[in-house]
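Structure first, commentary second.
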Amino acid sequence: MGRAAGVLVVQRISAGLVEGNQVTGALKLFPEKGEAHDALLSMPADAIAGKIAELVLAIAGKEPLLALGVGFPGIIRDGVIEESPNLQQIKGFRLQNALEQILADGGARVPVRIFNDADATAAGIAATRGVLHKVNRVWTLGNGVGFGRYPWTEGTWEGGHTVVTLDPKEQFCGCGGRGHLEGFLGYRAMRMRFLDLEPEEVFANAKTGDQRCADFVSRCHRALAAATATSIHMEGPGPFYLTGPNAKWIDVGVLDRLVHEMVKMSPLQGTRIEVIPPSDELGIIGAAVNAELSTRSA
Ligand SMILES: [Zn+2]
C-alpha cells in the first residue's frame with residue numbers, strides 16, 4: 001500500500017499524508033492556527049486551488065503520491081464544484097483539473113479526486129473503524145447540516161435539506177427551502193430563529209427548564225430522527241454517525257428512541273447511532289481513501 005494525500009476544506013484547508021488508513025506526519029494548515037479563520041471567504045477560486053497544491057507539495061516531499069483526495073463542502077460532480085453555499089466564488093470551478101495542472105507544473109503527476117466533505121468524513125470513519133464493507137452514513141452538524149455516506153456513490157445526497165415538516169413557517173434553512181432539517185439544526189438557522197439567544201444558550205436553557213428552549217431542542221431531535229428515518233426507508237438500516245462542532249447537543253438515547261418510533265418495518269431495524277468527536281483527520285483520511293479506491297478502479 002502506498003502513500004496518498006488527503007485534504008479537507010472547511011473553514012480552513014488541512015492537508016495530510018495518508019498511509020494504511022492513517023495520517024502519517026504532521027498536518028499542514030492554511031490559515032495556520034491562530035490566524036483569521038475566514039481567510040478562505042475572500043480568496044478567489046484559483047488562489048484556493050493554488051494554496052491546496054502548495055500544502056500538498058510541501059507534505060509530499062520528493063516521494064510520489066498514488067492519489068490526492070479533496071473533501072470540499074457543497075455539491076461536487078466530476079471534479080467540478082457545482083454549488084458551495086459558504087464559498088460562492090468557487091461555484092462552477094473545475095477544481096480537479098486545476099489541481100492536476102498546478103501539481104504537474106510543480107513536478108508531481110498525481111490523479112486528483114474531489115468529494116463532498118461529509119462523504120470524505122464518512123469514508124474516514126469507515127476506514128478507521130474497519131467497516132468499509134458496510135453502508136456508513138454521517139450527519140455533520142455545524143453552520144449547515146452535512147450528510148455523507150460511504151461507499152461513495154454517484155448522486156446529490158443533500159440529506160441536510162431533507163424536508164422534515166410541512167409547516168410553512170419553517171423557513172430558516174440557508175438554502176431558502178421550507179421545512180428543511182438544516183432549518184432546525186444549522187447553527188446559522190438557530191441564530192435566525194432565536195434572535196435574542198445564541199444557540200449555546202438555547203441548549204443550556206433547555207436543560208434548566210426554559211419551556212421555549214426545551215420545546216425547540218425536542219423538535220431538533222424529532223427533525224434529525226425524521227431525516228434519519230427517511231434515509232433508512234430509502235437505503236436500509238446501518239450505522240449512522242453524528243459529528244461536527246454541534247453534535248454534542250444531540251442526546252443519542254432520545255434520537256435512537258425517536259428513530260425507532262418512526263421506523264417500524266422489521267427488515268429496517270438494527271440502526272445504530274453514535275457521536276464521533278469532530279476531527280479534520282477523519283475527512284483527510286477519507287478523502288485519500290476514496291481517491292485511492294476511485295483511481296484504482298478507473
Ligand atoms: Zn435547505
Side-chain angles (χ1 to χ4, degrees), residues 1-35 37 39-40 43 47-74 76 79 81 87 90 95-96 98-100 102-104 106-132 136 138 140 142 146 148 150 152 241 243-245 276-296:
M1 192 175 279
R3 307 183 323 155
V7 169
L8 185 70
V9 181
V10 186
Q11 267 155 350
R12 61 172 181 234
I13 303 169
S14 322
L17 270 184
V18 177
E19 217 168 341
N21 295 339
Q22 53 186 330
V23 171
T24 59
L27 301 183
K28 287 269 181 197
L29 307 175
F30 174 83
E32 304 231 16
K33 281 203 172 94
E35 288 177 347
H37 66 274
L40 296 181
M43 253 173 116
I48 292 178
K51 198 44 98 172
I52 294 173
E54 182 188 315
L55 299 186
V56 169
L57 289 170
I59 55 167
K62 300 233 176 301
E63 301 283 318
L65 291 172
L66 286 176
L68 163 62
V70 179
F72 204 93
I76 319 292
I81 313 294
L87 296 169
I90 205 161
L95 183 59
Q96 178 181 330
L99 283 173
E100 284 179 346
I102 303 168
L103 289 170
R109 294 193 66 79
V110 185
V112 177
R113 296 289 183 273
I114 317 291
F115 304 94
N116 169 270
D117 59 327
D119 281 340
T121 299
I125 293 170
T128 51
R129 304 195 151 221
V131 285
L132 289 167
N136 294 269
V138 55
T140 60
Y150 177 90
W152 181 85
Y241 301 99
T243 189
I276 301 215
S279 114
D280 285 356
E281 285 205 4
L282 288 173
I284 289 169
I285 294 168
V289 165
N290 267 351
E292 229 191 297
L293 285 171
S294 155
T295 53
R296 210 186 290 159

So CZ of Arg129 and CG of Asn21: to nearest 0.5 Å the spacing works out to 13.5 Å

- [ ] Answer whether the closest heavy-atom distance between the side chains of Thr295 and Arg113 falls below 4.5 Å.
- [x] yes

How far apart are the C-alpha atoms of Ile284 and Val7, what are their side-chain angles, what is the distance that settles it, and do they pass the side chain to side chain contact (heavy atoms under 4.5 Å, CB included) test? CA-CA 5 Å; Ile284 289 169; Val7 169; 6.0 Å; no

Rounding to 0.5 Å, atoms CD (Glu32) and CG (Leu27) come to a distance of 11.5 Å

Is any side-chain heavy atom of Tyr150 closer than 4.5 Å to one of Ile125?
no

Checklist line | Sub-4.5 Å side-chain heavy-atom contact between Asn116 and Trp152 | finding: no

Between the CG atom in Asp119 and the CG atom in Asn136, the distance rounded to the nearest 0.5 Å is 11.5 Å

Only one of Gln22, Glu63, Lys28, Arg3 passes side chain to side chain contact (heavy atoms under 4.5 Å, CB included) with Leu17, and that residue is Arg3

- Would you call Leu8 and Asp117 a side-chain contact if the rule is heavy atoms closer than 4.5 Å? yes

CG (Asn290) and CD1 (Ile114) are apart, to the nearest 0.5 Å, by 12.0 Å

Stepwise, does the side chain to side chain contact (heavy atoms under 4.5 Å, CB included) test hold for Leu66 with Arg296? CA-CA 9 Å; Leu66 286 176; Arg296 210 186 290 159; over 6 Å; no

Backbone of Ile276 reached by a side-chain donor or acceptor of Thr243 within 3.5 Å = yes

dist Phe72:CZ -> Ile13:CD1 (nearest 0.5 Å) comes out at 8.0 Å

Separation between CD (Glu292) and CG (Leu65), nearest 0.5 Å, reads 10.0 Å

